[in-house]
Amino acid sequence: MSNGRFEIAGDFWSLLEQSGHPLTRPPSAHPAGGSAGHGLVDTHGTTVIAVKFDRGVLNVGDRRATANFAVMYDRAEKVLSVDDYTLLAISGSFARAMDVVRYLRTAFKLFERTYLQPMSLDGKLAELARAVREGIPEVLQGIGGFIPILTTFDKAAAEGRIFFYDGMGARFESTEFGAAGSGSLQIRGVFDYIVKTKKPFHQMTREEALKEALYLLDIAADLDAATGGWSKVLPLAKTITKDGIEDVSDDELRELVREIERKP
Amino acid sequence: MYTPFDFNEAIGHRKEYIEERLREGSPVVGLAYDGGMMLLTVRRTQRKIYEIYDRQMFSAIGNQSDIEQVRLAAIQRAHKEGFDRSPDDVTLHRLVGFELSPAIKRAFGDQLTSPFVIKSLFAEIGAPGREDVFLVLNFDGEFRQLAGAAAIAGTQVAEDRMMERIGEPSPARSRDAAMRLALSAWIVGAREALRPRGGHKDEDDLDMLLSSDSAVDESAFLRDELKTASVEVGVLERPGGRESRFRLLAPAELDPMLADHA
């Protein structure tokens with residue numbers, strides 16, 4: 001309170017900074033701050049995949065979250081909506097990623113309610129870049145790093161769009177696909193193989209693209225110890241089209257998974 | 001020397017100053033209906049009904065910059081609370097009682113600060129198991145909670161007459177019926193607030209128009225107002241598919257009601 005009137009913050013990040021929220025506070029300021037090796041092991045989400053299709057963009061992710069060699073959780077949701085047309089697929093440190101997802105949801109809503117118009121796509125991408133970048137001190141201490149993929153439906157261009165980030169918060173737009181997490185490196189070349197030998201993802205139907213994404217996830221689970229397969233729990237899949245975000249039903253996923261497994 | 005008498009005197013002056021400025025503000029009516037809650041007002045260029053958070057909306061009369069201050073403070077504090085705890089923990093009672101009201105009271109009582117020239121009406125659609133709430137926050141920090149119906153206007157008399165017109169709140173009303181009643185209460189309040197004070201009847205035409213309670217005169221008054229203004233209705237709807245329950249009604253949704261007064 002200043003001057004007996006209200007103190008108004010410039011944006012949600014500064015509002016959290018004012019109150020010293022941990023999301024905005026470098027870990028050196030934490031009482032227990034220090035280098036990694038305190039025995040603190042954070043939980044990590046593993047492989048997430050985003051590909052375009054003719055009417056939008058879709059995300060799939062396995063359900064595993066690991067801490068070192070332990071499987072912490074086999075029903076993790078790593079593809080999360082941040083508004084009606086935007087999904088965030090997260091890999092890496094679960095704790096910070098979940099905070100960032102909540103941060104973005106709140107920051108986007110706060111912006112829209114304050115200025116009476118939705119935040120622009122560039123504005124949203126910049127908010128996410130800041131949230132990734134501000135986590136660097138934690139990453140340097142060996143905890144907390146996470147890499148997101150942001151997918152959205154661009155109404156102006158009438159197409160799905162995929163953005164991925166590096167650990168410093170640099171943002172890149174992908175024309176066809178994106179992947180992050182421990183299994184993503186192993187399958188990187190397969191995306192290109194599909195595009196070169198079949199067709200670009202953005203020309204595929206939803207069913208075609210979904211099936212390719214599930215194949216990719218299956219390969220990641222085969223080649224990466226941390227990525228969960230689907231023998232016990234089905235993966236998670238969501239699409240974004242001009243009508244918004246939609247979950248791919250378990251029935252449809254189960255059918256596709258069966259079909260993939262029937263093949264030799 | 002500064003005496004208790006001076007304090008009373010100064011507060012009195014401040015009250016008078018603010019009331020004079022609020023006097024001609026376009027009233028706001030709040031009504032519960034079968035599908036949710038609504039706020040109705042008539043505005044000129046500036047929008048008057050705003051979303052605060054998932055279950056809360058707000059409107060006010062007063063100084064535009066003070067309205068913006070209170071609106072932004074309410075939005076920021078609600079979002080902070082929703083982020084720190086859960087969206088379900090954001091309530092009007094906490095927002096107004098612990099955040100907005102103390103600051104407004106402090107500004108009103110502090111002789112070195114300009115007071116807020118604002119009277120606010122908040123609405124909150126209850127989470128399952130919680131009541132729907134209207135909350136009126138006055139320029140001196142006083143607030144009161146109401147169920148079913150609420151009204152703010154430039155004068156106390158205008159507010160009383162609006163509440164009389166609304167009568168016994170009936171949340172089972174349809175949206176259209178509630179909207180018609182709210183508009184009729186708005187007319188009563190706006191006419192009352194414009195009525196000349198102290199029996200000085202120098203504006204005869206205006207007085208003629210304002211002194212009669214007949215439906216014909218009320219419609220004429222509304223038509224006259226709507227030459228330079230428009231009706232604005234914001235609703236909080238009972239949970240549907242979307243997270244956000246607030247929306248402003250589209251002009252087409254208001255047309256049937258306005259046709260009554262054509």
Side-chain angles (χ1 to χ4, degrees), chain A residues 1-25 80-87 95-119 127 130-131 134 238 240-241 243-247, chain B residues 46-58 63 65-87 90 95 98-118 141 234 241-248:
Chain A
M1 200 71 50
S2 65
N3 231 350
R5 312 281 285 189
F6 292 110
E7 202 165 284
I8 306 290
D11 62 7
F12 193 51
W13 192 270
S14 12
L15 187 64
L16 293 183
E17 258 176 346
Q18 281 168 15
S19 68
H21 192 280
L23 185 69
T24 62
R25 201 169 36 162
L80 300 141
S81 64
V82 285
D83 63 28
D84 290 348
Y85 286 91
T86 311
L87 286 171
R96 186 167 176 90
M98 293 311 281
D99 257 0
V100 167
V101 166
R102 287 192 321 113
Y103 166 77
L104 293 176
R105 278 181 189 155
T106 315
F108 296 172
K109 278 200 287 191
L110 180 122
F111 183 96
E112 184 163 354
R113 286 169 178 155
T114 303
Y115 301 111
L116 309 176
Q117 64 179 49
M119 192 185 284
E127 282 283 356
R130 168 157 68 177
E134 296 284 340
K238 293 182 185 190
I240 323 175
T241 62
D243 302 321
I245 294 169
E246 218 177 310
D247 288 330
Chain B
Q46 187 72 30
R47 185 171 150 184
K48 278 190 54 129
I49 300 170
Y50 300 98
E51 179 181 27
I52 296 294
Y53 198 67
D54 294 357
R55 296 172 178 278
Q56 290 80 12
M57 63 179 167
F58 155 84
N63 177 295
S65 105
D66 288 340
I67 294 177
E68 277 294 279
Q69 274 251 330
V70 170
R71 181 175 84 87
L72 291 189
I75 290 179
Q76 293 202 347
R77 278 149 186 76
H79 284 73
K80 175 80 173 41
E81 173 99 3
F83 181 74
D84 283 345
R85 299 198 175 86
S86 147
V90 177
L95 192 61
F98 299 164
E99 301 277 0
L100 304 178
S101 156
I104 289 177
K105 179 181 188 318
R106 202 154 43 233
F108 178 67
D110 178 1
Q111 302 297 318
L112 300 176
T113 307
S114 60
F116 285 92
V117 178
I118 186 170
R242 284 181 65 227
E243 210 176 34
S244 211
R245 294 156 183 90
F246 173 84
R247 70 186 183 99
L248 285 182

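On a predicted model such as this, the values are computed, not experimentally measured, just so you know. Residue numbers start from 1 in every chain, and the chains themselves are labelled A, B, ... in the order their sequence lines are given, proteins ahead of strands.
Looking only at heavy-atom pairs under 4.5 Å with chain A, the residue among B/G82, B/A73, B/A78 that has the most is B/A73.
Between A/F12 and B/F83, the ring planes are perpendicular. Angles over 60° get that label, and only those under 30° would be called parallel.
In this structure, B/R85 pairs ionically with B/E81, as a charged nitrogen and a carboxylate oxygen lie closer than 4.0 Å. Salt-bridge annotation for B/E68 and B/R71: present, with a side-chain N of the basic residue lying under 4.0 Å from a carboxylate O of the acidic one.
When the salt bridge (charged side-chain N to carboxylate O under 4.0 Å, His left out) test is applied to A/R130, the partners found at least two apart in sequence or on another chain are A/D11, A/E127. With sequence neighbours left out, the side-chain contact (heavy atoms from CB on, under 4.5 Å) criterion links A/M98 to A/L80, A/I90, A/F94.
Proximity to chain A is limited to the side chain of B/Y50, based on heavy atoms less than 4.5 angstrom apart. Contact annotation for A/Y103: both backbone and side-chain heavy atoms come within less than 4.5 Å of a heavy atom of chain B. For B/L100, the parts sitting under 4.5 Å from any heavy atom of chain A are the backbone and the side chain alike. Residue B/P102: no heavy atom, backbone or side chain, is found under 4.5 Å from chain A.
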